[in-house]
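To find a chain, count down the sequence lines: A is the first, B the second, and so on, and within it residues start at 1.
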Protein chains: 2
Amino acid sequence: MAEDVNTAVEVLQKHHLKITKQRRTMLSFLCQRPDHYTDVTSLDAYMRDFYPGMSHATIYRNVKEFEDLGLVEQQVNGDQARIKFQCDFANMHHHHFICRNCGKVTELTMCPMDFFANQLPGAQIEGHRFEMYGLCADCVAAGAE
Amino acid sequence: MAEDVNTAVEVLQKHHLKITKQRRTMLSFLCQRPDHYTDVTSLDAYMRDFYPGMSHATIYRNVKEFEDLGLVEQQVNGDQARIKFQCDFANMHHHHFICRNCGKVTELTMCPMDFFANQLPGAQIEGHRFEMYGLCADCVAAGAE
DNA sequence: TTATTAAAAAGTAACGATTACTATTAAGTA
DNA sequence: TACTTAATAGTAATCGTTACTTTTTAATAA
């Protein structure tokens with residue numbers, strides 16, 4: 001876990017970005033739950049609690065920078081953004097099962113793209129989005145909802 | 001096309017909802033492009049141009065009601081909602097390829113779910129989201145971007 | 001057709017996530 | 001230790017969306 005933060009910090013350095021205590025705290029926070037999506041508003045609340053008077057703008061700007069660097073994955077559901085620490089910087093293509101109760105993310109192997117490409121002759125496929133959601137095994141066992 | 005509006009109106013009646021001229025206009029507008037997603041803000045602008053002084057609340061409330069009735073499909077991309085008239089009330093399960101240039105929607109046959117269910121023992125899968133995006137054949141031919 | 005009534009619309013104004021902007025602070029480097 | 005420039009704080013704005021209250025209007029019955 002602290003491992004991952006250091007790896008992320010190295011990425012920042014490699015891009016000549018400054019290592020501020022705020023950024024380090026943000027990364028630590030995200031790193032605590034590498035397999036869960038976190039509302040950016042929760043991160044915002046946490047940071048402003050940790051550093052009273054910290055600016056919204058700083059948090060959102062850093063989120064965007066982390067995303068550009070591939071340190072976090074962003075996902076929009078409804079009206080607010082959620083992000084997740086990205087551990088495997090190797091960045092192998094994969095998809096997610098997201099638990100609606102606890103936010104836990106399970107990575108899925110295999111990508112369904114191949115089955116569809118030939119249905120769109122002439123089109124230029126630039127990307128895709130595939131997610132499954134529901135209750136993870138733990139939440140089912142705990143009797144959620 | 002007017003066909004589809006009438007079908008939608010029947011659905012409203014069936015649920016004891018009133019057929020107002022505003023609702024009829026909204027449905028007509030959406031029905032003009034049954035294979036394209038439209039920003040709700042565009043619909044909002046159109047309606048307020050058509051009925052000067054029309055309330056935002058009315059438009060958004062109706063969008064929500066149409067969605068509850070299955071008359072439109074909603075999809076959130078980024079910061080604003082997009083909707084699409086739902087023609088096939090039979091509502092056969094399918095997925096979409098969405099052109100980022102013109103918003104055109106192509107329905108895809110086959111669903112990738114079956115391949116993944118067995119990767120999540122114990123979980124309760126409640127839904128999924130699969131979309132492909134890029135440029136449709138027309139936009140590619142027209143040399144978009 | 002007219003009266004009735006419940007739902008829908010208008011007309012504010014607010015809310016909440018996100019962002020622009022400027023002055024100040026602090027991280028990185030010499 | 002001083003310097004330079006990126007990062008932060010602080011303030012306020014933006015924009016999509018919604019809550020609330022009053023007024024209007026579609027649907028139904030007399």
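- Counting only heavy atoms from C-beta outward, the side chains of B:L17 and B:R23 approach each other to under 4.5 Å.
- The CZ-C1' distance, from A:R48 to C:dT18, rounds to 12 Å in whole Å.
- One interatomic measurement links the two molecules: CG of A:D44 to C1' of C:dT19, which rounds to 12 Å at whole-angstrom precision.
- Spacing between atom CZ of A:R24 and atom P of C:dA26 amounts to 17 Å, rounded to whole angstrom units.
- Note: OH (A:Y51) to P (D:dG10) measures 14 Å, nearest angstrom.
- The two residues B:R24 and B:I19 have their closest heavy-atom pair at NH2-CG2, 3.3 Å.
- For the contact set between residues 59-68 of chain B and DNA chain C, defined by any heavy atom under 4.0 Å, the members are B:R61, B:N62.
- Taking CZ of B:R82 as the start and CD of B:Q74 as the end, the distance is 11.0 Å to the nearest 0.5 Å.
- Within the 4.5 Å cutoff, side-chain heavy atoms of B:T38 are placed close to those of B:F29.
- Using a 4.0 Å heavy-atom distance criterion, A:S55 is classed as a base contact.
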Item to check | Check against side-chain hydrogen bond (donor to acceptor under 3.5 Å, both in side chains), B:T25 and B:Y51 | outcome: CA-CA 10 Å; B:T25 303; B:Y51 298 102; 2.7 Å; yes

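- No more than 12 heavy atoms of other residues, nucleotides or ligands shown are found within 6.0 angstrom of NE2 on B:H16.
- In this structure, the NE2 atom of B:H56 is 16 Å from the C1' atom of C:dG16, given to the nearest Å.
- Separating the CG atom of A:L43 from the C1' atom of C:dA17 is a distance of 14 Å, rounded to the nearest angstrom.
- Using a 4.5 Å cut-off on side-chain heavy atoms (C-beta onward), B:L69 and B:K14 make no contact.
- Evaluated for a side chain to side chain contact (heavy atoms under 4.5 Å, CB included) with B:L27, the options B:N6, B:V11, B:T7, B:L12 yield exactly one hit, B:L12.
- Following rounding to the nearest Å, A:M47 (CE) and C:dA17 (P) show an atom-to-atom distance of 18 Å.
- Between D:dA7 and A:T58, no contact under 4.0 Å exists linking OP1 or OP2 to a side-chain N or O.
- Direction of the helix axis in the helix from C:dT1-D:dA30 to C:dA30-D:dT1 shifts by 30° between the two five-pair termini, rounded to 10°.
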Tabulated below should be each protein N or O lying under 3.5 Å from an N or O of nucleotides 27-30 of chain C; please produce it.
unit_1 : atom_1 : unit_2 : atom_2 : d
C:dA27 : N3     : A:K18  : NZ     : 3.2
C:dG28 : OP1    : A:I19  : N      : 2.9

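- Distance OG1/B:T41 to OH/B:Y60: 6.0 Å, rounded to 0.5 Å.
- Under the 4.5 Å side-chain criterion, counting only non-hydrogen atoms from C-beta, A:I59 is in contact with A:M54.
- The nearest whole Å value for the distance from the CE atom in B:M54 to the C1' atom in C:dT12 is 16 Å.
- With contacts defined as side-chain heavy-atom distances shorter than 4.5 Å, the pair B:R48/B:H56 qualifies.
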